[in-house]
Amino acid sequence: MKILLELGVLFLVSLLSEAAAAMLPFEFPPAILAMFILIVLLMLKVVREEHLENTSAFFAKYMAIFFIPAGVEIMNHLDLFRETWFYIIAVSFISLLTTFLAAAKAVEITERLMARKGGRE
Amino acid sequence: MKELITSNPLFGISLTIFSYWIGMAVNAKLKKAVFNPLLIAEVLIIAVLAIFRIPYSAYNEGGAFINMFLTPITAILAISIYRQRDTVRRKFIPIIAGTLAGSITSLITVTLLCRLLGLSPELSYSLLPKSVTTPIAVAISESLGGIRSLTVMALLITGVMGNILAPFLAKLFRVRSRIATGVAIGTASHVVGTSKAMEMGEDIGAMSGIALSFSGIITAIIVSLAF
């Protein structure tokens, strides 16, 4: 019964978000809109954590399975992949380095500034 | 006979579940990021389809069902953000600063590199969200008109490299703060990197988990505003 209700809540929020995203004047991924709505509903305690605990545990554990069809689709783009795999790896590697560096340093600088400000007070 | 089996949506669903199950078993046995269960499952499925000459469209009769769950499983990320709300509240500014700087840097680096290499817009859009968590990245790629299977591939490559290189990168860039390390791993290499962050320490893992949700949201917002 409970899992049935959990899935019902989750699918209903997803359905409404997909409809709402289609009505937005700009492109926004419906899935992320659904996540926003769910966070707001949790904050407002309209939906409580225990309303979703079983489903979220299951989906968190097996999340990757839901991306398999999207990934297997690469069969339809094998020529493009064969031509570009090296670029994909190069872009992924270089941006991994820059992103890691930027994120780490931004946190360290912010922490240092906050510590200095906190020390002065 | 073959069509009797392959034209049924249950074929694609069963093949997906068993391939992933094998992927998880191999991963549990070998314990290496390169043997990512998702990657193993994809290779297995493509091999099965190629060997038995089954078209993708037949597989996708079932695949489409599984695909339908992408929105709900992204939405469920809300729970993990909500559970971390106390940590988020305490470290809000450093987390926002790190994920914002990282997300912007990722988008700029990918855009510049794609221009430099002369890649098609379609391919560039596919690579653009490759640092963020899979559900969000696929959603962004689709809304831009990218090829989501290439996005998934780039995501896996980035995640696996992040997982393997994370401790080395922290040393290379002289990152001393554990919060900074966690935020950097989560922002740069999503869930696959986060599993290494968990091994490096519970606090680093938690930060990485928070950072991957934040950078996903921030990236989605920036992309919808700027592209």
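In what follows, chains carry the letters A, B, and so on, assigned in the order in which the sequence lines appear, proteins first and then strands, with residues in each chain numbered from 1.
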Is there a side-chain contact between A/Ile74 and B/Met153 (heavy atoms, below 4.5 Å)?
yes
Between A/Pro30, A/Ala64, A/Ala70, the one whose heavy-atom pairs under 4.5 Å with chain B are most numerous
A/Ala70
What's the shortest heavy-atom distance between A/Ile68 and B/Ala41, and which atoms?
CD1-CB, 3.6 Å
Begin with the C-alpha distance, continue with both residues' side-chain angles, and end with the deciding distance and a verdict on side chain to side chain contact (heavy atoms under 4.5 Å, CB included) for A/Phe36 and B/Ile217.
CA-CA 9 Å; A/Phe36 274 139; B/Ile217 297 171; 3.2 Å; yes
Could you state the interatomic distance from CE (B/Met24) to NZ (A/Lys61), rounded to the nearest 0.5 Å?
6.0 Å
Please examine the side chains of A/Leu101 and B/Leu169, heavy atoms only from C-beta on, and report whether any two atoms are closer than 4.5 Å.
no
Measuring heavy-atom distances to chain B, does A/Leu7 have an atom under 4.5 Å in its side chain, in its backbone, in both, or in neither?
neither
Under 4.5 Å heavy-atom distance to chain A, tell me which part of B/Ile147 shows up: side chain, backbone, both or neither.
side chain
Decide side chain to side chain contact (heavy atoms under 4.5 Å, CB included) for A/Met35 and B/Ile136; before the verdict, give the C-alpha distance in whole Å, the side-chain angles of both, and the deciding distance to 0.1 Å.
CA-CA 10 Å; A/Met35 185 174 74; B/Ile136 298 185; 4.1 Å; yes
Going by side chain to side chain contact (heavy atoms under 4.5 Å, CB included), B/Thr158 matches just one of A/Thr99, A/Leu96, A/Ile89, A/Val91. Which one?
A/Leu96
Pick one of side chain, backbone, both or neither for A/Thr84, based on which atoms fall under 4.5 Å of a heavy atom in chain B.
side chain
Do the side chains of B/Tyr56 and A/Val72 get nearer than 4.5 Å, heavy atoms only?
yes
Between B/Leu144 and chain A, with a heavy-atom cut-off of 4.5 Å, which part of the residue counts as in contact: side chain, backbone, both or neither?
neither
Any A/Met63 side-chain heavy atom under 4.5 Å of B/Leu77 side chain:
yes
Checked B/Pro72, B/Ala64, B/Ala188 vs chain A; the most non-hydrogen pairs under 4.5 Å come from B/Pro72
Could you tell me whether A/Lys105 atom NZ has more than 12 heavy atoms of other residues or ligands within 6.0 Å of it?
yes
I need the A/Leu15 CG to B/Thr71 OG1 distance, nearest 0.5 Å.
10.0 Å
Give the member of A/Ile37, A/Ile39, A/Leu42 that has the highest number of heavy-atom pairs under 4.5 Å with chain B.
A/Leu42
Residue pair A/Phe67 / B/Ile66, side-chain heavy-atom distance below 4.5 Å
no
For A/Ala104 and B/Ala180 the tightest heavy-atom approach is O-CB, 3.5 Å
Name the orientation class of the two ring planes belonging to B/Phe173 and A/Phe100 (parallel below 30°, tilted from 30 to 60°, perpendicular beyond 60°).
tilted
If one checks every heavy atom of B/Met68 against chain A at 4.5 Å, the contacting part turns out to be neither
Between B/Phe69 and A/Phe11, ring centroids under 6.0 Å:
yes
Output yes when B/Arg83 and A/Glu49 qualify as a salt bridge under the 4.0 Å nitrogen-oxygen rule, no when they do not.
yes
Looking at B/Pro94, is its backbone amide N or carbonyl O close enough to the side chain of A/Glu111 to form a donor-acceptor pair, meaning the two atoms are under 3.5 Å apart?
no
Quick check for you: to the nearest 0.5 Å, what is the distance between A/Leu24 atom CG and B/Ser224 atom OG?
9.0 Å
Option in B/Val191, B/Ile79, B/Ile157, B/Leu172 with maximal non-hydrogen atom pairs under 4.5 Å from chain A:
B/Ile79
Can you tell me which portion of A/Phe93 sits under 4.5 Å from chain B's heavy atoms? Options are side chain, backbone, both or neither.
both
Between A/Phe66 and B/Asn67, does a side chain to side chain contact (heavy atoms under 4.5 Å, CB included) hold up when you go through it step by step?
CA-CA 6 Å; A/Phe66 297 98; B/Asn67 208 48; over 6 Å; no
In terms of heavy-atom contacts, does CG of A/Leu113 have more than 12 from other residues, nucleotides or ligands at under 6.0 Å?
yes
Distance from A/Ile32 atom CD1 to B/Ser143 atom OG, nearest 0.5 Å?
7.5 Å
Looking only at A/Ala102, A/Ala106, A/Ser14, the option with the highest number of non-hydrogen pairs under 4.5 Å against chain B is A/Ser14
Between B/Gly216, B/Ala139, B/Ser19, B/Gly12, the one whose heavy-atom pairs under 4.5 Å with chain A are most numerous
B/Ala139
Okay, A/Thr110 and chain B: the region with an atom under 4.5 Å from a heavy atom over there is side chain
Between B/Val138, B/Thr134, B/Val183, which shows the greatest number of heavy-atom pairs under 4.5 Å with chain A?
B/Thr134
The reported gap from CD1 in A/Ile65 to CD1 in B/Ile13 (rounded to nearest 0.5 angstrom) is 10.5 Å
Checking B/Leu225 against chain A: side chain, backbone, both or neither under 4.5 Å from a heavy atom?
neither
Okay, B/Ile73 and chain A: the region with an atom under 4.5 Å from a heavy atom over there is both
So what's closer than 4.5 Å to chain B heavy atoms on A/Val13: side chain, backbone, both or neither?
neither
Under a 4.5 Å heavy-atom cutoff, which of B/Thr105, B/Leu49, B/Val152 has the most pairs with chain A?
B/Thr105
A quick test of your reading: do over 12 heavy atoms of other residues, nucleotides or ligands sit less than 6.0 Å from OH of B/Tyr82?
yes
Heavy-atom count check: over 12 atoms from other residues, nucleotides or ligands less than 6.0 Å from A/Ile3 CD1?
no
Do you know which two heavy atoms are closest between B/Ser149 and A/Gly71, and how far apart they sit?
CB-O, 3.7 Å
Salt bridge (Lys or Arg N to Asp or Glu O under 4.0 Å), that's the test. Do A/Glu108 and B/Arg176 meet it? Break it down for me.
CA-CA 8 Å; A/Glu108 288 201 321; B/Arg176 290 196 188 84; over 6 Å; no
Check whether B/Leu123 gets within reach of chain A through its side chain, its backbone, both or neither, counting any heavy atom under 4.5 Å.
side chain
Below 4.5 Å, heavy-atom pairs only: which of A/Ala31, A/Ala90, A/Ala34, A/Ser56 has the largest tally toward chain B?
A/Ala31
If we define contacts as heavy-atom pairs under 4.5 Å, which of A/Ala21, A/Ser17, A/Pro29 has the most with chain B?
A/Pro29
Can you tell me how far CD1 of A/Ile88 sits from CG of B/Leu155, rounded to the nearest 0.5 angstrom?
11.0 Å
Neighbour count >12 (heavy atoms, 6.0 Å) for atom OH, A/Tyr62
no
Can you spot which of B/Thr99, B/Ile96, B/Ile179 makes a side chain to side chain contact (heavy atoms under 4.5 Å, CB included) with A/Val107?
B/Ile179
Closest approach of B/Ala75 and A/Leu38, non-hydrogen atoms and distance?
O-CD2, 3.3 Å
If we count only N and O atoms by modelled type, under 3.5 Å, do the side chains of A/Ser95 and B/Lys130 hold a donor and an acceptor together?
yes
Are the side chains of B/Ile76 and A/Phe58 in touch, meaning some heavy atoms are under 4.5 Å apart?
no
What heavy-atom pair brings B/Ala184 and A/Ala103 nearest, and what distance separates the two atoms?
CA-CB, 3.8 Å
